[in-house]
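The structure appears right after this line, and notes come after that.
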Number of protein chains: 2
Amino acid sequence: MSDGSRTTPAGAGAEDDPLRLDLHLCFDLQNASRAFGDVYRRVLRDTGLTYPQYLVMITLWEHEELPVKRISQLLRLDSGTLSPLLKRMELAGLLTRTRSAADERSVIVRPTAAGSALREKAKGVPAQIHAAAGLSPQEASALQRALRKLAASLDTSLDASGPRP
Amino acid sequence: MSDGSRTTPAGAGAEDDPLRLDLHLCFDLQNASRAFGDVYRRVLRDTGLTYPQYLVMITLWEHEELPVKRISQLLRLDSGTLSPLLKRMELAGLLTRTRSAADERSVIVRPTAAGSALREKAKGVPAQIHAAAGLSPQEASALQRALRKLAASLDTSLDASGPRP
DNA sequence: GGCAAGAAGATTGCCCACAATTCAGTAGTA
DNA sequence: TACTACTGAATTGTGGGCAATCTTCTTGCC
């Protein structure tokens, strides 16, 4: 260090330092997300599902059959994530993947009997999660609104400042 | 399917179905988190840091030197995540890792000159993120409070129902 | 028909997260 | 002093997430 910049702890940790960790909303967000992950891990244990796999099953229980593309849109996951994930779930006997006859590019995903049956086991999951979260329905949906607004704003900012040709 | 259970889309997607995707707070949370990730990726591009690496640098800029254990506590990352991450950052010339003389089990992490210098480049990051989030300071800290309360509640529920010996 | 453009999945490569194990070092104690 | 218990890091193995690339198939247009 030959210049005059101060790199002492006192200087770096000053009260108005915008780089302070505890000012980072994103950190709190990830923390809450991680805490959810811990709870889901425990609650989903006897279904054998991971949290992302649980999300896939929810979409399949809702729609009975879906092309990979649609799952990708619903869960905001790209094929690089979804392909191996679905492959593991197929191997576990939860779903089948078959090329669409109408459009050979498309792969249709359907739950197996075992996959559908799992719905009974998963029925209680949302209630358990809700209890662990300890939020009133009003608080929960207020938080959801805030998060959706936030995500929308962040996405928009990317569209605005970003998409280079 | 030999029993009488209905697995039709209509049955599964009913309006009061607790398994509906859009009722899952956690999904919105992860979405917001992912949106943050996208923005951070772009904003951090010319620092060469990933978001987790940025968090590590923040803690180092604040404290100048830290044992791995302390970083682990501050960022809630375990050694399985932190060890390779710090190794990559050391390889990138951002920090050094040296065994503590006082306690040979402990490894002390310090920023290099290059690592400290990066602080200048990162100075503008929080403001850019804040702008992209589009929240007033009041909204932001309200959201932080809500998220911390949520995370605390989730963590507590784990302590209560979980910790098998 | 034939060709260019685009769409859907899969693959590869890198990084992060977590569980479980291992190893070296420290501390407490008979 | 030896024996044990514990602690801090590192490693191994699995699963997610994303960027970039590739293959195959469809579509549109000449």
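Protein chains get the first letters and strands the later ones, always in sequence-line order, with residue 1 at the start of each.
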### Message
Suppose we screen for side chain to side chain donor-acceptor pair (under 3.5 Å). Which residues come up paired with S100(A), at least two apart in sequence or across chains?
### Response
none
### Message
Between C1' on dC15(C) and CZ on R41(B), what's the gap in Å once rounded to a whole number?
### Response
10 Å
### Minimum heavy-atom distance A151(A)-A32(B), with the two atoms named
CB-CA, 4.0 Å
### Task
Please report the shortest heavy-atom distance between K121(A) and D46(A), naming the atom on each side.
NZ-O, 3.2 Å
### Query
Starting at the 5' end of DNA chain D and moving along, which residue's nearest nucleotide shows up first, D78(A) or R88(A)?
R88(A)
Atom pairs, protein N/O to nucleotides 2-10 of chain C N/O, distance under 3.5 Å:
unit_1, atom_1, unit_2, atom_2, d
dG6(C), N2, R105(A), NH1, 3.4
dA8(C), OP2, K69(A), NZ, 3.2
dG9(C), OP1, V68(A), N, 3.2
dG9(C), OP1, K69(A), N, 3.2
dG9(C), OP1, S106(A), OG, 3.4
dG9(C), OP1, V107(A), N, 3.3
dG9(C), OP2, K69(A), N, 2.7
dA10(C), OP1, R97(A), NH1, 3.1
dA10(C), OP2, S83(A), OG, 2.7
dA10(C), N7, S79(A), OG, 2.9
dA10(C), N6, S79(A), OG, 3.3

### Task
Please round to 10 degrees the angle between the axis of the first five pairs and the axis of the last five pairs in the helix from dG1(C)-dC30(D) to dA30(C)-dT1(D).
10°
### Query
Taking only residues two or more places apart in sequence, or in another chain, which ones meet R105(B) in a salt bridge (Lys or Arg N to Asp or Glu O under 4.0 Å)?
D103(B)
#### Entry: Main-chain N/O of T81(A) paired to D78(A) side chain as donor or acceptor, under 3.5 Å
yes
### Task
Give the rounded distance in Å between these two atoms: CZ of R42(A) and C1' of dA19(C).
13 Å
### Task
Send over the distance from Y40(A) OH to dC18(C) P, rounded to a whole Å.
16 Å
### Task
Report the distance from atom CD of Q53(B) to atom P of dA17(C), rounded to the nearest whole Å.
10 Å
### Contact boundaries on DNA chain D for chain B, cut-off under 4.0 Å to non-hydrogen atoms
dT7(D) to dA19(D)
### Message
Go nucleotide by nucleotide along DNA chain D from the 5' end; which of E104(A) and P84(A) gets its closest nucleotide reached first?
### Response
P84(A)
## Note on the structure
Separation of dC14(C) atom P from L91(B) atom CG, nearest Å, is 13 Å
### Query
For the residue pair A122(B) and Y54(B), what are the closest heavy atoms and their distance?
CB-CE1, 4.4 Å
### Y51(B)-H24(A) aromatic ring centre distance below 6.0 Å
no
### Those residues that, when tested against F27(A), pass ring-ring contact (aromatic ring centres under 6.0 Å, His included) (two or more places apart)
none
### Salt-bridge criterion met for E65(A) and R110(A) (N-O under 4.0 Å)
yes
### Task
Look up atom CG in L75(A) and atom CZ in R70(A), then write down how far apart they are to the nearest 0.5 Å.
10.0 Å
### Message
I'd like to know if K87(B) and E90(B) make a salt bridge, using a cut-off of under 4.0 Å between side-chain N and carboxylate O.
### Response
no
